[in-house]
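Keep in mind the model is a prediction, meaning the values are calculated, not measured.
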Amino acid sequence: MFKRLPGDEARSLVSTKPDTAVVFRPAVLKTPAVVTLLIYGWRVLAGLVRAIWRHPVAIAVPAALGVIWTRYGWPFAASVLGAVVLALVSWAFADRDSFARLVGWRLLA
């Protein structure tokens, strides 16, 4: 007749004797979905700001490629990316010590 709730069986476990442990039932609050979505949205926004603040170069490179893609089209963006990768690879083969010191170790980190 009555709906059984989680924790109802714990009611029979509680006794008034001093040698038994007391079992507490957690309070369940029903939060409106709008409040939950606002909290999650705020957390996502804070995470994005934190990522931009901590890793500006790692965010700027894909953002710059995205801006180039939207303004000039994907072939130009692919050409720019290819030219940058080709320049870095040729620098790495031409002078490995300076590439490792200035770029390589930072890319690995």
Side-chain heavy-atom pair Tyr40, Arg43 within 4.5 angstrom cut-off: yes
Separation between OH of Tyr72 and OG of Ser79, rounded to the nearest 0.5 Å: 13.5 Å
Could you list the donor-acceptor pairs under 3.5 angstrom formed by side chains in residues 82-92, with sequence neighbours left out?
from: Ser90; atom 1: OG; to: Leu86; atom 2: O; distance (Å): 3.0
from: Ser90; atom 1: OG; to: Ala87; atom 2: O; distance (Å): 2.9
from: Trp91; atom 1: NE1; to: Ser98; atom 2: OG; distance (Å): 3.1

Cut-off 3.5 Å, no hydrogens considered: what does the side-chain donor-acceptor table look like for residues 49-70, sequence neighbours left out?
from: Thr70; atom 1: OG1; to: Gly66; atom 2: O; distance (Å): 3.2
from: Thr70; atom 1: OG1; to: Val67; atom 2: O; distance (Å): 3.0

Nearest-0.5 Å distance, CG of residue Leu38 to OG1 of residue Thr31: 12.0 Å
